Structures are given as C-alpha cells and as structure tokens.
Protein chains: 2
Amino acid sequence: MPTRDAAALRREAARAYDAYLASCPARQLVDRISDKWVTLILPALADGPQRYSDLSRRIAGVSQKMLTQTLRSLERDGLVTRHVTPSVPVRVDYELTPLGLSLMPLIACIKDWAETHMDQVAAARQDYDSASSTTGAKV
Amino acid sequence: MPTRDAAALRREAARAYDAYLASCPARQLVDRISDKWVTLILPALADGPQRYSDLSRRIAGVSQKMLTQTLRSLERDGLVTRHVTPSVPVRVDYELTPLGLSLMPLIACIKDWAETHMDQVAAARQDYDSASSTTGAKV
DNA sequence: CAGGATCCGATATGATACTG
DNA sequence: CAGTATCATATCGGATCCTG
C-alpha cells in the first residue's frame with residue numbers, strides 16, 4: 001500500500017522540518033515579533049519604564065491575560081525586566097533591556113518597508129479582487 | 001451597574017483599536033510575514049521561478065491546502081506571480097515580483113538580528129527557567 | 001494593583017478525498 | 001499536475017471570577 005507509506009513519510013518529514021524550524025533563529029524571532037501584542041508592548045515601553053496599569057491603559061483592547069502572558073514571555077526572553085516594589089498596593093514596573101532596545105531599529109526597518117510599499121500591496125489587492133470578480137468568482 | 005459599563009467600554013475600545021490596527025501598514029506587513037509559510041515560500045522563490053510541485057517538495061511538511069492558500073494570498077498582495085501553462089498536464093509556475101523581491105533585504109535584516117542576538121535570548125530563557133525552578137515553580 | 005485559574009468560542013491548520 | 005471541498009482538532013484569545 002504505497003499510499004500509506006507516502007503519507008507516513010510526509011508526516012515524518014513534516015515533523016523533522018518542524019524540529020529544524022524550531023532551531024532556526026530567524027524563525028524564532030519572527031515567531032516572537034509576530035505576536036500581536038509584542039509589537040504593541042515593545043514600542044509602548046520604548047519611552048521608558050511603564051507600570052502594568054499604564055500599559056494596560058495605553059494599549060487599549062488588551063486583556064489582562066494577554067498583557068500578563070506577553071510580558072512574561074518577553075521577560076523570559078530577556079527583552080524586558082520586571083521590577084516589583086513591595087508597597088501597598090504593590091507596584092510593578094516593566095522596562096526594556098538593552099537587548100529589547102536593540103530590537104527597536106529592526107522594528108523601525110519593518111515599519112519603513114511597510115510605509116514605503118504597503119500602498120503597492122493595497123493596490124495589488126484591489127486589482128486582484130476586481131479581476132476575480134470580473135471573471136465570475138464569487139464576491 | 002458600573003461594571004457592565006466598564007466592560008462595554010473596554011469592548012468598544014478594543015474594536016476601535018482593532019480597526020486602527022487594521023489600517024496600520026506596519027501591522028499589516030507583520031501579519032503577512034508572520035505567516036509560517038510565507039517566510040518559507042518567499043526565500044524558496046528567491047532562486048527563481050518554481051513550479052507548484054517543486055515548492056511542495058522543497059518546503060517539506062507543507063500541506064497542499066496551506067501551500068495553495070499562501071501562494072494565493074501572496075499573489076493577491078502582488079508579491080508573487082502565477083503563470084499557468086495550459087499543457088497536459090497543466091504546469092503552473094510561481095515567481096517573485098519586484099515587490100516581492102524588495103522584501104528579501106528586510107527578511108535578511110530579520111535573519112541578521114536573529115543570528116546576532118537569539119543566543120542571548122536563549123541564554124535569558126535558560127536563566128529564567130532555572131531561576132523559577134529554584135523558587136519552587138513547577139517545571 | 002497586579003495577576004492567577006478556568007471556561008468557552010473563534011480561528012487556523014492539517015488530514016483526507018475528489019476533480020479538470 | 002495542480003488544485004478544491006470537507007471534516008476534525010488544536011491553539012489562541014477573551015470574559016469572568018478570585019486572591020495576596
């Protein structure tokens with residue numbers, strides 16, 4: 001039954017590839033910055049240290065769950081520091097590390113490309129969509 | 001019932017923010033390149049035009065569904081072209097557009113930062129994980 | 001104030017089967 | 001060969017309740 005074998009082989013290949021990807025630094029970085037909240041939190045921290053509640057207010061629409069979870073992962077990755085002041089009530093400040101700061105130019109690069117080329121992308125999308133509606137595709 | 005109102009306000013803010021984000025070019029770009037398969041397909045096409053089956057073979061572990069879907073979205077965004085040769089059986093070639101090509105330096109930038117700094121990230125993770133296991137957190 | 005725990009629905013992705 | 005269509009599921013993110 002060659003079909004089964006082919007499927008099994010493909011699955012194995014997929015697993016191996018996943019493992020390879022997991023070890024790829026660029027892949028890991030992309031995974032990190034592709035997180036919706038990461039790209040919002042890092043710039044928010046670029047101005048300087050922020051309290052948890054400040055972040056929560058500045059980044060409208062983030063749930064505590066996501067804010068906490070994202071901050072934790074950023075802390076784990078050494079991109080931000082978490083400083084607890086044991087007052088009553090407690091106060092927690094988050095701040096970019098030098099490593100986190102070094103990421104900002106890259107974010108600027110991305111922003112740059114986006115602002116230069118995304119209008120072309122938008123135009124291409126319009127073309128594509130109007131063309132397919134012409135050829136009878138469902139809208 | 002102030003609690004209801006606060007929750008409702010937050011939801012509205014979240015919606016508004018989502019709308020704002022959707023209009024942000026950088027956000028759109030990040031969304032695009034954050035796609036697992038996009039970052040695999042684009043480099044695969046950097047060498048020159050590739051047939052569907054070639055891509056499918058080069059990118060081990062991609063399902064036809066994801067390959068087709070990703071290629072379609074890239075075509076829609078004007079990053080790749082799709083050229084059909086109506087032979088029997090049909091032959092379809094995908095190729096990077098100039099716009100798609102212009103994205104490669106950015107990908108190189110990302111790769112660059114990753115290769116320079118991801119070891120620090122990895123180290124930070126180890127520190128973080130060993131520290132939390134010391135303080136009695138569950139492993 | 002900051003965040004842990006839990007439940008639940010939306011979305012994304014993969015496997016599988018079928019087609020021009 | 002190059003897809004399309006359908007189904008199952010896994011993960012993500014949000015809402016909600018609770019605590020030091």
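Values in this document were obtained by computation on a predicted structure and should not be read as measured data. Convention: sequence-line order gives letters A, B, ...; per-chain numbering from 1.
Comparing C:dC1, C:dA2, C:dC7 against the side chain of A:Pro89 picks out C:dC1 as the nearest. The side chain of A:Trp37 lies closest to D:dG14 when the candidates are C:dG20, D:dC7, D:dG14. Closest to the A:Arg72 side chain, of the nucleotides D:dA2, C:dC1, C:dG4, is C:dG4. Side-chain proximity of B:Arg82 to the nucleotides D:dG3, D:dC7, C:dA2 is greatest for D:dG3. Checking C:dC1, D:dG14, C:dG3 against the side-chain heavy atoms of A:Arg51 singles out C:dC1 as nearest. Listed nucleotides C:dC1, D:dT4, C:dT13 differ in distance to A:Val90; the shortest reach to its side chain belongs to C:dC1. For B:Gln64, counting side-chain heavy atoms from C-beta on, the closest listed nucleotide (D:dG3, C:dG14, D:dA2) is D:dG3. In this structure, of C:dA2, C:dT16, C:dA15, it is C:dA15 that holds the atom nearest to the side chain of B:Ser63.
Per the geometry, NZ belonging to B:Lys65 stands 18 Å off C1' belonging to C:dT19, to the nearest Å. Atom pair B:Lys36:NZ and D:dC12:P shows a separation of 13 Å (rounding to whole Å applied). C:dG3 atom C1' lies 11 Å from atom CG of A:Leu71, rounded to whole Å. To the nearest angstrom, C1' of C:dA12 lies 7 Å from CE of B:Met66. The distance between atom CZ of B:Arg57 and atom C1' of D:dG3, rounded to the nearest whole Å, is 15 Å. Taking atom CZ on B:Arg91 and atom P on D:dC1, their separation rounds to 12 Å, with Å as the unit. Counting to the nearest Å, the P atom of D:dA5 and the CG atom of B:Leu67 are 17 Å from each other. Atom CG of A:Asp31 and atom P of D:dC12 are 11 Å apart (whole Å).
Taking each heavy atom of B:Gln120 and A:Leu99 in turn, the nearest pair found is OE1-CD1, 3.5 Å.
How far CZ of A:Arg76 is from CG of A:Leu71: 15.0 Å, rounded to the nearest 0.5 Å. Atoms CZ and OH, from B:Arg82 and A:Tyr128 in turn, are 7.5 Å apart once rounded to the nearest 0.5 Å.
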Show me the side-chain donor-acceptor pairs of residues 104-114 of chain A shorter than 3.5 Å, one per line, residues at least two apart or across chains.
unit_1	atom_1	unit_2	atom_2	d
A:Trp113	NE1	A:His117	ND1	3.4
A:Trp113	NE1	B:Ser102	O	3.1
A:Trp113	NE1	B:Ser102	OG	3.4

Please list, one pair per line, the donor and acceptor atoms closer than 3.5 Å that link side chains of residues 39-52 of chain A to other protein atoms, with sequence neighbours excluded.
unit_1	atom_1	unit_2	atom_2	d
A:Thr39	OG1	A:Asp35	O	3.4
A:Thr39	OG1	A:Lys36	O	2.9
A:Thr39	OG1	B:Arg27	NH1	2.5
A:Asp47	OD2	A:Arg58	NH1	3.3
A:Asp47	OD2	A:Arg58	NH2	3.0
A:Tyr52	OH	A:Gln64	O	3.4
A:Tyr52	OH	A:Thr68	OG1	3.0

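Regarding contacts with the backbone of D:dA2, every side-chain N or O of B:Ser56 stays at 4.0 angstrom or more from both OP1 and OP2. Between B:Tyr94 and D:dG3 there is a side-chain N or O to OP1 or OP2 distance below 4.0 Å.
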